[in-house]
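If you're wondering where the values come from, they're calculated on a predicted model, not measured in any experiment. Scope of the values below: all heavy atoms of this structure, side chains included, with no hydrogens, waters or symmetry mates. Naming convention: chains lettered A, B, ... in sequence-line order (proteins, then strands); numbering from 1 in each chain.
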Amino acid sequence: MINRNLAKVLSFRYKIIALVLVLLAAGLVLLPKYEKHEGINPKDLLSNAISPERYISTDELADKIVNQDPSFLLIDVRDEKSFKKHALPDAINIPLEKLLDEESEGYLNQDEYDIILYSNDNFYADQAWIICNRLAYKNHRVLKGGVNKWFTTIINPKIPTENMPKVAFDLYSFRKAASMYFGVAYPEQAQATQNTTKKTTKKRVTLKKKKKMAAEGGC
Amino acid sequence: MGPLIPNGFIPEEWNSIVAILIGLAFGFILEASGFSSSRKLAGVFYGYDFVVLKVFFTAAVIAVIGILYLDYLGFIDFNKLYIHPTYIWGAIIGGVIMGIGFVAGGFCPGTSVCAAAIGKIDAMVYIVGILIGVFIFSELFTLFEPIYDGYFLGNLTLMDSLGVSPYWFVFVFTIIALIAFFVVDLIRKRVKKVFY
């Protein structure tokens, strides 16, 4: 038969082990909980935020739209009323407060399109950009200056004065041409244009449900 | 192999080799702790030896506590771990068949291979039985398919289905485990000793 003293020592050891287990499990319960970070870490977020790459100028955007670039998606983060009143062509309205809704995620979190966020200024668009970036959504950019800048540069470009460099004139002629594309009529063109209805191809975003990545493996 | 191979710390080609090494270690420890004895394994059901229950319960408790600590410290993302999908009726029927086989044969599939490796004839017969079972299942698969693929509940964990905090769940689980150990010790003392 087993040595009785040994058995006693062993049983004492079991008690200790059991106590350790309970303490460890209780530790899990008692440890202060903290909110886990989702998406990218703050350091990356900061370096993304201070990068000038995250802005797109109104001229670049106008160029993209005129050339019917299919690779981007315009997201309007203003409220519904301002969106209905005026919006950039083919924009999709996702107000800032609906940014984290489930149906918005299909537009915002995808690899197919570059996403250009805009608001009246770039202020609200920047907020949306920060949130989306924090969630590690890819390819988001902000329209620098927003709709206001769009109006002052593309729709109603300033005529350069004579003492300005050639670049300014080139830019002006580009902006003027762009504004005509967007339906602004100039007196010297008024008789020429017959208000052609412009056709832009609707972009299709396949809204796919986010599925959990099932890791491979088993027992 | 967890985070190491997908993240490229170990080349993909080592996958099978690592699996073989882990398998060897697993088999060795299984044998060394006496799990190749069908009497020891069946002892759980007759109440004279509860090593199986203690080992597996302890393993589960230690693993879940460890994973939760690693998750808490940020080494492992708890939500990205593989969770076995639940096919409820498939699991229940399969579990019953497995249980009956366990009591009747005195081995579970893993330990039977382990015991066959040290030359136990009953284990070899048991493996032949497993193969016959596999054959029958494969031949009649079309018949079983609705059960096999049906009643899918998703990749569930107990914590999800009960809707409790994992930390509290593990704490209660640990207490239950310790109580179970204590109770089975009492049972073992009352049951007639079996020497093997």
Side-chain angles (χ1 to χ4, degrees), chain A residues 1-46 100 102 105 109 111 132-138 208-219, chain B residues 1-3 5-7 12 15 19 22-23 26 54 57-74 76-85 108-110 154-155 160 164-182 185 189 193 195:
Chain A
M1 215 35 229
I2 314 163
N3 186 342
R4 271 181 187 275
N5 282 329
L6 184 69
K8 254 184 200 166
V9 170
L10 281 180
S11 93
F12 180 64
R13 189 196 283 167
Y14 286 139
K15 270 177 202 150
I16 298 263
I17 293 172
L19 192 67
V20 168
L21 258 184
V22 171
L23 283 180
L24 278 173
L28 281 174
V29 175
L30 295 176
L31 275 175
K33 306 295 176 295
Y34 62 91
E35 197 67 34
K36 283 252 176 63
H37 289 310
E38 244 181 63
I40 63 173
N41 63 42
K43 213 166 129 193
D44 292 339
L45 181 71
L46 185 63
L100 298 175
E102 218 167 293
E105 202 187 338
N109 188 14
D111 291 332
C132 291
N133 232 265
R134 186 67 181 76
L135 292 169
Y137 296 174
K138 276 174 233 144
K208 55 179 177 226
K209 280 265 179 263
K210 197 179 144 194
K211 51 176 189 275
K212 266 199 181 155
M213 239 249 299
E216 259 180 68
C219 57
Chain B
M1 247 303 269
I5 285 174
N7 289 326
E12 182 68 44
N15 217 343
I22 292 176
F26 180 65
K54 284 180 184 168
F57 224 156
T58 321
V61 169
I62 301 274
V64 77
I65 289 177
I67 283 173
L68 281 179
Y69 269 109
L70 288 176
D71 176 67
Y72 184 83
L73 297 173
I76 282 181
D77 190 348
F78 187 61
N79 296 317
K80 289 206 173 118
L81 291 178
Y82 175 82
I83 294 166
H84 205 68
C108 78
N155 297 26
D160 293 336
V164 291
S165 143
Y167 301 115
W168 275 106
F169 177 79
V170 168
F171 182 65
V172 174
F173 188 65
T174 311
I175 302 289
I176 291 174
L178 292 174
I179 291 172
F181 296 161
F182 182 68
D185 256 8
K189 275 179 193 150
K193 291 253 178 317
F195 294 98

Query raised in the report: Non-hydrogen atoms of chain A under 4.5 Å away: do they reach the side chain of B/I65, the backbone, both or neither?
Result: both
Query raised in the report: Can you name the nearest heavy-atom pair linking B/F171 to A/V29, along with the distance?
Result: CB-CG2, 3.5 Å
Query raised in the report: Which answer fits A/L31, side chain, backbone, both or neither, if we ask what part of it has an atom under 4.5 Å from a heavy atom of chain B?
Result: both
**Report entry** side chain to side chain donor-acceptor pair (under 3.5 Å) partners of B/D185, counting only residues at least two apart
**Finding:** B/K54
Report task. Could you check which of B/V64, B/I175, B/V172, B/L68 has the highest count of heavy-atom pairs closer than 4.5 Å to chain A? Result -> B/L68
Query raised in the report: How far apart are the closest heavy atoms of B/Y69 and A/L28, and which atoms are they?
Result: OH-N, 3.5 Å
Query - Listed partners of B/F173 passing ring-ring contact (aromatic ring centres under 6.0 Å, His included), at least two apart - result: B/F57, B/F169
Query raised in the report: Going by heavy atoms in the side chains, are B/I62 and A/L21 under 4.5 Å from each other?
Result: yes
